[in-house]
2 protein chains.
Amino acid sequence: MTSRPASPAKQGRGDLFDPECPTRRLLDRIGTKWTSMAVKVLAEAAPHEVRFAELRRRIPGVSQKMLSVTLHSLVRDGLVTRRVEPTVPPRVHYRLTDLGLSLDVPLAALRTWAEENMARIDRANAISDSEAG
Amino acid sequence: MTSRPASPAKQGRGDLFDPECPTRRLLDRIGTKWTSMAVKVLAEAAPHEVRFAELRRRIPGVSQKMLSVTLHSLVRDGLVTRRVEPTVPPRVHYRLTDLGLSLDVPLAALRTWAEENMARIDRANAISDSEAG
DNA sequence: CTGTATCCAAGTAGATACTG
DNA sequence: CAGTATCTACTTGGATACAG
């Protein structure tokens, strides 16, 4: 998702028949490391804008580069707006678009499921690991 | 997600404070290339089982190796059951667990959103690309 | 039929240094 | 402050060959 060179349809081989299912393509976007966090933070702040530095603070562990790359991808996808205050130094504000907000609905459902059930997945893994020794 | 060696908490650096948000960890799983397709096919078949070869047919483009890896990850996570018929050659049947079925609910919402809105994301990308030249 | 093992190409993200 | 460039390590996944 982060790289421009990669065209919408991958170069695999049997690409002729594959319309690249929309879900897969969506997951290629929100599945990248920091995207879901960024959307979550922006959704919680909506309808207010959030500055780059503030986003960085609210997403523990994200690097300057990856936050920048992540946000610009979201902007390109029309999920986020970017507004630059032409001051020195500049201040850049981000906000979810209506499309971005609508995406946050199913994403929030996924977050809820994750919070309620990841512990079960962890337990299942622990059991498998102990069984396989 | 597919590799065992990687421990739950990455080796980044600031891993001490980070409880690895459940959503991120869930997306690490369902975000891999074939997982969402496999869950979808299994959910559509539920409560019936689906054989390995049948799954392979219904997931265009998946390789033997990746389908195997994907399914075994889902089994380890407790989202799918695996039943082997001890015949020669063996037949292996897969089915979503209750946990897997419950995951398919928010996932189906995401699929619906993707089907309804990916075209807008594509348009936004087209506009950005033409603007940036 | 259903895997597993190996090897390899491509993608993803981190550290670091530098710019307007 | 916000962002870009480079360089590198790690991860993902595909091709192929082989096994129970």
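Each chain gets a letter, A, B and so on, in the order the sequences are listed, and its residues count up from 1. The basis for the numbers below is simple: all heavy atoms, side chains too, and nothing from hydrogens, waters or symmetry mates. Keep in mind that what you see is a predicted model, and the values were worked out from it rather than measured.
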Engineer: A/L55 has an atom CG; how far is it from atom C1' of D/dC1, in whole Å?
Structural biologist: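 In whole Å, D/dC1 C1' and A/L55 CG are 13 Å from each other.
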Engineer: Whole angstroms only, please: what is the CZ-P distance between B/F52 and C/dC1?
Structural biologist: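 Rounded to the whole Å, the gap is 11 Å.
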Engineer: Between A/Q64 and B/R56, which residue's closest nucleotide on DNA chain C lies nearer the 5′ terminus?
Structural biologist: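 The answer here is B/R56.
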Engineer: B/R83 has an atom CZ; how far is it from atom P of C/dT2, in whole Å?
Structural biologist: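 Atom-to-atom, B/R83 to C/dT2, this comes out as 12 Å.
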Engineer: Report yes or no: does A/R82 contribute a side-chain atom to a donor-acceptor pair with the main-chain N or O of A/V75 at less than 3.5 Å?
Structural biologist: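 Flag not set: sc A/R82 to bb A/V75 has no pair under 3.5 Å.
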Engineer: Can you tell me the distance, in whole Å, between the CE atom of A/M66 and the C1' atom of D/dT11?
Structural biologist: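 Between C1' of D/dT11 and CE of A/M66: 14 Å.
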Engineer: Within less than 4.0 Å of OP1 or OP2 of D/dT4, is there a side-chain N or O belonging to A/S68?
Structural biologist: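 Result: yes.
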Engineer: Whole angstrom is fine here: how far is it from NE2 in B/H93 over to P in C/dG3?
Structural biologist: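 Answer to the nearest Å: 11 Å.
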Engineer: State whether B/R82 places a side-chain N or O below 4.0 Å from either non-bridging phosphate oxygen (OP1 or OP2) of C/dG3.
Structural biologist: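 So the side chain of B/R82 is within the cut-off, an N or O lying under 4.0 Å from OP1 or OP2 of C/dG3.
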Engineer: OP1, OP2 of D/dC1 versus side-chain N and O of A/R51: anything below 4.0 Å?
Structural biologist: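 No, no such contact exists.
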Engineer: Quickly work out the A/R91 CZ to C/dG20 C1' distance and round it to whole Å.
Structural biologist: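 It is 16 Å, rounded to the nearest whole Å.
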Engineer: Checking contacts here: which listed nucleotide (D/dG3, D/dG14, C/dT2) is nearest the side-chain heavy atoms of B/W34?
Structural biologist: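 Side chain of B/W34 sits closest to D/dG14.
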Engineer: May I ask you to decide whether A/R58 forms a salt bridge with A/E54, counting only side-chain N to carboxylate O separations under 4.0 Å?
Structural biologist: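 A/E54 and A/R58: salt-bridged.
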Engineer: What is the distance, rounded to the nearest whole Å, between atom CG of B/L67 and atom P of D/dG13?
Structural biologist: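 Answer to the nearest Å: 13 Å.
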Engineer: Please state whether the phosphate of C/dG3, meaning OP1 or OP2, lies under 4.0 angstrom from any side-chain nitrogen or oxygen of B/Y94.
Structural biologist: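 Looking at the OP1 and OP2 atoms of C/dG3, one of them is under 4.0 Å from a side-chain N or O of B/Y94.
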Engineer: Any side-chain heavy atom of A/I59 within less than 4.5 Å of one from A/V41?
Structural biologist: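 Answer yes - side chains close enough.
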Engineer: Please report the distance, rounded to the nearest Å, between CG in B/D28 and P in C/dG11.
Structural biologist: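 B/D28 atom CG is separated from C/dG11 atom P by 19 Å.
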Engineer: Return the orientation label for the B/Y94 and B/H72 ring planes: parallel under 30°, perpendicular over 60°, tilted otherwise.
Structural biologist: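 Perpendicular: the ring planes of B/Y94 and B/H72 meet at over 60°.
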Engineer: Do the side-chain N or O atoms of B/K65 get closer than 4.0 angstrom to the phosphate oxygens (OP1, OP2) of D/dA17?
Structural biologist: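 Indeed not, no polar side-chain atom of B/K65 lies that close.
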Engineer: Nearest heavy atom decides the nucleotide; on that basis, is B/H72 or A/P90 closer to the 5' end of DNA chain C?
Structural biologist: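 Its nearest nucleotide lies further toward 5', so the answer is B/H72.
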Engineer: Does any non-hydrogen side-chain atom of A/N117 lie less than 4.5 Å from one of B/L103?
Structural biologist: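 Heavy-atom side-chain distance check fails, nothing below 4.5 Å.
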Engineer: D/dG14, D/dA2, C/dG14: which one has an atom nearest the side-chain heavy atoms of B/K33?
Structural biologist: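 Selected nucleotide: D/dG14.
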